[in-house]
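What follows is a set of notes on a single structure, which appears directly below.
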Amino acid sequence: MEYNFREIEKKWQKTWEETNAYKVQNDFSKPKYYVLDMFPYPSGAGLHVGHPLGYISTDIFARYKRLKGYNVLHPMGYDAFGLPAEQYAIEHGVHPAISTEQNINNFRKQLDNIGFCFDWSREVRTSEPSYYKWTQWIFLQLFKSWYNISTNKAEYIADTLIPAFEKEGSKIIDGRRADLQPFTAEEWKSFSAKEQGDILMQFRLAFCDYGIVNWCEALGTVLANDEVINGVSERGGYPVEKKKLRQWYLRITEYADRLLEGLQRVDFSDAMKEMQTNWIGRSQGAEIAFEIFTPNSETRKTPINTAIPEYYQILKEHARENRKNQTVSEDILWQRLRNNQLGEKVRRQHPIQGYIADFAFLNSYLVVEIDGDYHNEKEQKIYDDARTKYLGEFGYKIVRFTHNEVENNTNEVIKTIKTALDEQHKTSSQPSPQGEGAIDSESPLSSRRGVGGEVLTVYTTRPDTIFGVDFMVIAPELELIDKIKSEAQTEAVDEYVAYVKSRSERERQAEKKISGCFTGAYAINPFNGKEIPIWTAEYVLAGYGTGAVMAVPCGDERDYKFAKQFDLPITNILGEKFDGENANATKDAILENSDFVTVKPMKEATEVILSELEKRGIGKRKVNFRMRDAAFSRQRFWGEPIPIKWIDGVAIPLNEKELPLQLPEVDSYKPGPEGQGPLANVKDWTDQHLETNTMPGYAGSSWYFLRYMDPHNDQAFCERNVSDYWNQVDLYLGGTEHAVGHLLYSRLWTKILFDLGYLGFDEPYKRLVNQGMIQGSSRFVYRLTLKITSIPEFDYSTLPQLFISRGIVEQIENNDINGMISSEAFAEFNSILQTERKKYSTFFIEPSSQAIAKLHVDVNIVDGYELDTEAFKKWKPEFANAEFILENGKYITTSEVEKMSKSKFNTVNPDELVNKYGADTFRMYEMFLGPVEQSKPWETKGIEGVHRFLKKLWRLVFDENKGAIWTEENPTDAELKTLHKTIKKVGDDIERLSLNTAVSAFMVAVNELSDLKCHKRAVIEPLLILLTPYAPHVAEELWQIFGNTTSILDAAFPTFEEKYLKESTKNYPVSINGKMRTNIEFALDADKAFIEETVLKNEIIAKWLEGQTVKKFIFVPGKMINVVI
RNA sequence: GCCCAGAUGGCGGAAUUGGUAGACGCGCUAGACUCAAAAUCUGGUUCUCGCAAGGGAGUGCAGGUUCGAUUCCUGUUCUGGGCACCA
């Protein structure tokens, strides 16, 4: 009986389907194991051999765990929302749901071929309303939650935040949001719905804000960074610019610390943990405020520091409240004074010393006060006088008006102020004001202001190098630039900023050419008053830190290069550690040229500087994260609708009973107006004020692993007792491309659902393994483009295309000079032409390297490197009359390893291989290719070897001529040794997912049993169980032939017994100076002295020792012997 | 540019903890069976010098640690993945 894999596989696949062999029950009494593959996107291109690699690995692991007695959940489904379907819809008018469904059906058919043990009754699709109902539901939970830093977890806003506001105002969130003004409980209650909504929005875990996107007007869409190339769209080459759009975000930054902490509790590779850690990018450093001056400003000395430091906090809060409760007259005056209308910047509600001035012209030392009538009362008069006197001592002059004057005689009032200002300007000597703080901004840091009231706040992780700062670099998109640029530099700065606008973030960072532009402004080193030029350059991104860096060229490579490029001076604070040629990022130098920290070690200096900065109120310690909040909306159609209505500018969540909010029918998938998504075109949608953005691709995939546990539940996304049972995913397998996107987001969702009490665990994946990519091995042919100069009106289409074999092309190219074919090579080539194809001999061919084009050819019509020329002619119509110049009678192609992709014609379809060799062979071969984690190019050739192995296994049971040859005899020691060696090896290998070496182990076992002529059931049957995860069909077939009545899928994995492997001797390798010279056999319990004596007497060893003394004798029991001479 | 990974025969890869480099398979090659081919079986196959016995070199490259390094350390080159709207 022959190994008829087609029949066998068909039979068992049918049987297993009929018996529901892969159906998984939520049977809480059994130990569970959860094996998961990363969610596939059902692409239209279908499956190629790279896709199943991970699925086969997990399939083997799942089947193995089942044999080990676990209740194994191994589900599959589809991440079915996505851009390709939408793009296809735009181009072909086909509803994405329809094309997606077709793709899924195709996908499924291909998967079924390979014999996976997925429980298909648990399949999920993110684009099904029954699924995205729960995606929307979870979104609402995020929307309704905030992160409470005192309990360190997410809580419902209605449970803890609003009650706190109602009870004690904004106390609970003090300092959390820079731009939020404190309020009292009463104020909270008096706020309008919009005001309350705006405040709450700043705390929601799913929130709305404005973000900058790559906008392509011509395409009417937002583009990803990699879709932007040199400032134009990859598709179509249209211009791209930055655009500010309202977007939804997830407040992942609140979870930065917990996402880091969680990494310590999971079994991910170090590389993966490192990548996530770097992505989160926690750094400890300082924010430092530098005064700025621009030389063309009127004065360089600036009146600042106007408040008494101790009062600053109190004054600030009062000032804020005052500004919120502006009187009519104050507002009128503000409108007339603001924006330099009188030629000078004015501040309102500004603290000066211990007071709050209504309006203050700091440069002119003029304060304007507006009083009600009660100021005329005696008590108030005394108070006012005292204030006037007090401020006078600090050089301020006060002018007063009543509300009445301002309201009814505004012009007069303005005139008076102007006069007073002029007078102040005439006053020559002004005492220098002292104290801290302007109030416009949230932080005391921002209060150090230079001319024009500007300050440069930088974030640095190295405050210790502050005396080495030679220049500042700020991100080109900072609005600050416009305020500080000098007149002389304005044109250059504007030009540079415009250039950067067209560049994607990626391009900006990857750019090797250093570019930048001086703004004309300077920052002042707060410690030594050094003037530091402020530059702008594309390598500094606005999104990180404050968008500004202090450049220390002696200690930072990038800063050093920048300084060299623009010929900026470099201050050496590192002493000998800086060689003047290369920056040295050391943290262990003794500082030099560093004022009060000179001679201090850097680590010590960091502390000194930090406390000094804090003491002076110009800097503070700060923990910074590189990670930004996750953008959670897309201006697209094919995604989950966001269950939010906008009523009078307030986001109102839909009632949970209204879910799912289904996608509407649309006429066109084209984008809406003003950069909005297609949903903005749907009248019925906008009439209901529904959100027109949809969710991004990672929404559905952030929680899908939970849905598999309880896929048909319409009361909850997953019942708590079910998720308690299945718990974490025990093994999660997928590519590293998801390292920071999907994995962080799903970890975030899990943590939030855990905080809110819907889950009992806060890390979704216990063990994560990254699979490598299967790359394509592309094949190329060379086409010669002929140019006939002798016949002017030559019809080229009549000419057959001419293809040259690789060797001949190389021959030509070896004589290549500067990219041109040399005349010698050309003559040679012509002579080849003449001998090979006489009919071309009259043609003259232009000697240009352009004449030869390298074209992709379908790998499926190439055998190794040899092209099947007949198949090639049939491949595409334009090649029907192709002519070939061969070498040794063959057309040899050239090859390159690339990504496997249809456009490169290097995809190999698993269906064809399964059809030719069977699913069992295909599965084993994919594994045999190499370690799961490693990327490797696909090569079909080796599949024969694996197929031969299965046939050889089959022949242990059946002989071609004799039929069944298996026996019931008792196994010998040698046979048992082989069996148990294999049990151990295969079990260990599967556990550590070394699936390729397990295949080798099977081969070794079958080779050994063949050599031993072993046909014994007692040996082969356990071997079949071992093989079941890899080749379930053939294993089941032989299992049944041996007379078993139950399925091998539920057999018990054989137990390894040490006793069969016991050895009493070891054949030791003996080395001289680490070089292996011979082997000598010793008993395992032989003692060192005996071994040393024997070794030194050994003929071969003695020869090497001749005339030498033995310096050392190394004996590692059970391993090796080394003689050192 | 930044972060992560990888590099071993003609090819895919093995060597699990620093201890015989190249298991297993492909390919190639010689042979058996056959009229022949396929299939199957047996032997050989890192390179190099040598008739052989045997020697030398060798895990991207340059160094280092060690009795001993594919394995650890430093530097470097190349390839692949990611860099926030591809999934």
Side-chain angles (χ1 to χ4, degrees), chain A residues 38-41 43 79 81-84 87 213-214 221-227 247 269-272 274-279 281 505-512 514 539 543 557-558 626-631 633-636 696-698 701 735-742 744 770 772-773 775 864 897 899 925 928-931 933-946 948-949 951-952 955 960 988-989 992 994 996-997 999-1004 1007 1010 1067-1079 1111-1114 1116 1118-1125:
Chain A
M38 280 189 190
F39 222 9
Y41 175 78
S43 97
D79 189 10
F81 279 128
L83 267 188
Q87 195 55 39
V213 295
N214 297 315
T221 53
V222 175
L223 298 176
N225 275 328
D226 56 338
E227 291 176 301
Q247 304 277 12
S269 70
D270 287 342
M272 171 63 57
E274 210 171 322
M275 269 191 267
Q276 292 206 1
T277 305
N278 291 340
W279 177 269
E505 272 191 24
R506 185 95 46 86
E507 285 175 320
R508 284 172 55 177
Q509 287 176 84
E511 183 61 66
K512 278 193 182 150
I514 298 163
Y539 78 83
E557 190 56 40
R558 209 170 36 174
R626 199 184 73 90
M627 181 170 65
R628 313 194 281 260
D629 280 329
S633 49
R634 302 289 183 260
Q635 292 69 47
R636 307 280 185 187
Y698 65 82
S701 60
T736 41
E737 65 270 25
H738 298 289
V740 287
H742 159 67
L744 273 180
N770 292 116
M773 290 207 339
Q775 292 149 323
V897 172
K899 204 168 160 171
Y925 182 59
F928 187 59
L929 229 42
E933 295 95 331
Q934 208 167 296
S935 291
K936 54 242 156 188
W938 178 266
E939 188 53 70
T940 303
K941 283 222 146 174
I943 198 169
E944 300 268 0
V946 175
R948 245 169 252 160
F949 152 76
K951 283 199 276 193
K952 200 164 175 179
R955 284 199 305 271
E960 238 175 284
D988 289 353
D989 283 355
R992 64 187 176 99
S994 178
N996 55 326
T997 49
V999 178
S1000 300
F1002 285 126
M1003 289 175 171
V1004 171
N1007 287 348
S1010 296
N1067 195 17
Y1068 279 94
V1070 184
S1071 304
I1072 308 282
N1073 284 346
K1075 264 212 172 311
M1076 217 278 285
R1077 294 301 175 189
T1078 188
N1079 284 297
K1111 288 198 186 113
K1112 208 168 177 185
F1113 187 87
I1114 292 160
V1116 183
K1119 294 267 190 208
M1120 45 69 68
I1121 294 158
N1122 189 18
V1123 186
V1124 184
I1125 52 178

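Here is how names work: the chains are called A, B, and so on, in the same order as the sequence lines, proteins then strands, and each is numbered from 1.
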Considering every strand shown, what is the Watson-Crick or G-U wobble mate of [N] when both distances are under 3.5 Å?
N	value
B:rA36	none
B:rC24	B:rG12
B:rC61	B:rG75
B:rG1	B:rC83
B:rU17	none
B:rG31	B:rC41
B:rC51	none

Considering every strand and a 4.0 Å limit on heavy-atom distances, what is the contact class for [X]: base, sugar-phosphate, or nothing?
X	result
A:N225	sugar-phosphate
A:Q635	base
A:I1114	base
A:V1004	sugar-phosphate
A:G697	nothing
A:K1111	nothing
A:S43	nothing
A:N1122	base
A:R992	base
A:R1077	sugar-phosphate
A:N996	sugar-phosphate
A:E557	nothing
A:P40	nothing
A:M627	base

Which residues pass the side chain to side chain contact (heavy atoms under 4.5 Å, CB included) test with [X], not counting sequence neighbours?
X	result
A:D988	A:K984
A:P84	A:Y41
A:S1000	A:F928

Toward the 5' end of RNA chain B, by each residue's nearest nucleotide, A:Y1068 or A:Q934:
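Per heavy-atom nearest nucleotide, the more 5' residue is A:Q934.
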
With nearest nucleotides of RNA chain B determined for A:S935 and A:E274 from heavy-atom distances, which residue corresponds to the more 5′ nucleotide?
A:E274

At a heavy-atom distance below 4.0 Å, which nucleotide of RNA chain B is the first touched by chain A, and which is the last?
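Answer, 5' to 3': B:rG1 to B:rA87.
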
With side chains defined as the heavy atoms from C-beta onward, is the minimum distance between A:Y698 and A:D79 less than 4.5 Å?
no

Report the glycosidic orientation of B:rG9: syn if within 90° of 0, anti in every other case.
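Syn conformation here, the glycosidic angle of B:rG9 being no more than 90° from 0.
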
Considering only the [atom1] atoms, how many Å lie between [N] and [M], rounded to the nearest integer?
N	M	atom1	value
B:rA15	B:rG58	C1'	16 Å
B:rA84	B:rU77	C1'	30 Å
B:rC86	B:rG18	C1'	44 Å
B:rU46	B:rC11	P	13 Å
B:rG43	B:rG25	P	12 Å
B:rA21	B:rC28	P	30 Å
B:rG56	B:rA38	P	42 Å
B:rG22	B:rU59	C1'	9 Å

Between A:K952 and A:N1007, is the side-chain hydrogen bond (donor to acceptor under 3.5 Å, both in side chains) condition met? List the steps.
CA-CA 8 Å; A:K952 200 164 175 179; A:N1007 287 348; 2.8 Å; yes

Can a side-chain donor-acceptor contact be found between A:N770 and A:T736 if the only test is distance below 3.5 angstrom?
no

Check this for me: A:N1067, atom CG, are more than 12 non-hydrogen atoms of other residues, nucleotides or ligands nearer than 6.0 Å?
yes

Should the pair A:R628-A:E505 be classified as a salt bridge under the 4.0 Å nitrogen-to-oxygen rule?
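Yes, charged N to carboxylate O under 4.0 Å.
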
Kindly state each residue pair satisfying side chain to side chain donor-acceptor pair (under 3.5 Å) with at least one member in residues 1070-1079 of chain A, sequence neighbours excluded.
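Output for this query is empty, none listed.
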
Residues two or more places apart in sequence or in another chain: which of them pass side-chain hydrogen bond (donor to acceptor under 3.5 Å, both in side chains) with A:R558?
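With sequence neighbours excluded, A:R558 shows a side-chain hydrogen bond (donor to acceptor under 3.5 Å, both in side chains) to no residue whatsoever.
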
